[in-house]
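The block underneath contains the structure these notes are about, expressed in structure tokens.
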Amino acid sequence: PKGTWGFITAMGIFSLAYQGSEIVAQGIKELKNPKKDLKKALFYSYGIIVAIYIAVAVVAIFGVHSDGASWNILAEAREGAIARSASFFVFGSTLVVLVLIAGFIASLAALNSTIFSASHTAKALGDAKSLPYSFRILTARHNSPLFAIFVSACCMIFLVVVLPVEGIAAVANLLFILLFLSLNAALIKLRIDRPEIIRPYKVPLFPLLNLGAILGYIIVAIPL
């Protein structure tokens, strides 16, 4: 309803929902057979996520029964859109409570994954001597980078307490887009500068696919 520019803006905002894939890649050292299992993990997780998101979107939009446009009602509900949609179904009040509980559990799972991702990034930077040595120290019992986990969690708590949630989401969205843009640029540079490295994965249509991704990230970053 908001035209092409509204569609592009929505793409930029919604892209954050798909950007947990780097967490899968950052767990590569925990995989027994990364050459085989990392690719499976990425494609399987994307397949599951896409199926769930499409199903939720269809149910949410078509489940709203009101005089106004369903998309407008959901937009006004903002982050409570799924709960608002659930209220239109049979046993709506019960469904709303269940949706809120599910959202809380999902948030805890997402927080756990985010701390895992951030701490592994910090550890990798420690291994590369870009951060102090303490970030790379692993605990004897769980083989986990305890200091990196602690610092990552403290940073997240600080941001949540100091900044408004909407502001954090907007900044995170933009930074993620810039991150994936730079990753595509780095991939192109490394594969051109270091062709001798043995790589288990092929990039289709290299470098056209990556250049297209960079252009797409620039387009969706502009509204943000």
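One is the number of the first residue; the rest follow in order along the sequence.
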Is [X] linked to [Y] within one hydrophobic cluster, defined over Ile, Leu, Val, Met, Phe, Trp and Tyr using a side-chain heavy-atom separation of less than 4.5 Å?
X: Leu42; Y: Leu209; result: no
X: Leu178; Y: Phe180; result: yes
X: Val220; Y: Phe7; result: yes
X: Tyr46; Y: Ile54; result: yes
X: Leu95; Y: Phe88; result: no

When you measure from the side chain of [X] to the backbone of [Y], do you find a donor-acceptor pair of N or O atoms at a distance under 3.5 Å?
X: Ser144; Y: His142; answer: yes
X: Thr9; Y: Trp5; answer: yes
X: Ser152; Y: Ala148; answer: yes

Side chain to side chain, [X] and [Y], heavy atoms closer than 4.5 Å:
X: Leu215; Y: Ile219; value: yes
X: Trp71; Y: Val64; value: no
X: Arg84; Y: Val96; value: no
X: Ile52; Y: Ile48; value: yes
X: Leu211; Y: Ile188; value: yes
X: Ser70; Y: Phe62; value: no
X: Lys123; Y: Leu138; value: yes

Working to the nearest 0.5 Å, report the span between [atom1] of [X] and [atom2] of [Y].
X: His120; Y: Asp127; atom1: NE2; atom2: CG; answer: 10.5 Å
X: Phe104; Y: Leu108; atom1: CZ; atom2: CG; answer: 4.5 Å
X: Lys39; Y: Tyr201; atom1: NZ; atom2: OH; answer: 7.0 Å
X: Leu174; Y: Leu179; atom1: CG; atom2: CG; answer: 11.0 Å
X: Lys189; Y: Asn184; atom1: NZ; atom2: CG; answer: 15.5 Å
X: Ser130; Y: Leu125; atom1: OG; atom2: CG; answer: 5.5 Å

For the residue pair [X] and [Y], what are the closest heavy atoms and their distance?
X: Phe206; Y: Arg191; answer: CZ-CB, 3.7 Å
X: Leu38; Y: Ala25; answer: CD1-CA, 3.9 Å
X: Pro223; Y: Ile8; answer: CG-CG2, 4.1 Å
X: Ala153; Y: Ile115; answer: CB-CD1, 4.3 Å
X: Ile73; Y: Ser66; answer: CD1-CB, 3.4 Å
X: Ala60; Y: Ile82; answer: CB-CD1, 4.3 Å

Problem - Derivation and outcome, side chain to side chain contact (heavy atoms under 4.5 Å, CB included), residues Phe116 and Ile149 - result: CA-CA 7 Å; Phe116 174 91; Ile149 291 171; over 6 Å; no
Problem - More than 12 heavy atoms from other groups under 6.0 Å of CZ on Phe150 - result: no
Problem - Residue list, ring pair (Phe, Tyr, Trp, His ring centres under 6.0 Å) with Phe147, at least two apart or on another chain - result: Phe135
Completion exercise
Taken in chain and number order and not counting sequence neighbours, the residues that satisfy side-chain contact (heavy atoms from CB on, under 4.5 Å) with Leu163 are Leu159, Ile168
Exercise for the section: Quick one: do Ser85 and Leu74 satisfy side chain to side chain contact (heavy atoms under 4.5 Å, CB included)? Show the steps, please. Expected result: CA-CA 7 Å; Ser85 176; Leu74 296 176; 3.9 Å; yes
Practice task
Before giving the answer on salt bridge (Lys or Arg N to Asp or Glu O under 4.0 Å), spell out for Arg194 and Glu196 the whole-Å C-alpha distance, their side-chain angles and the decisive distance to 0.1 Å.
Solution key: CA-CA 5 Å; Arg194 303 289 301 278; Glu196 75 280 2; 2.7 Å; yes
Practice task
List the steps and the verdict of side chain to side chain contact (heavy atoms under 4.5 Å, CB included) for Leu187 and Leu183.
Solution key: CA-CA 6 Å; Leu187 184 145; Leu183 280 175; over 6 Å; no
Handout entry: side chain to side chain contact (heavy atoms under 4.5 Å, CB included) assessment of Met156 paired with Leu111
Key = CA-CA 9 Å; Met156 292 175 198; Leu111 179 61; 4.1 Å; yes
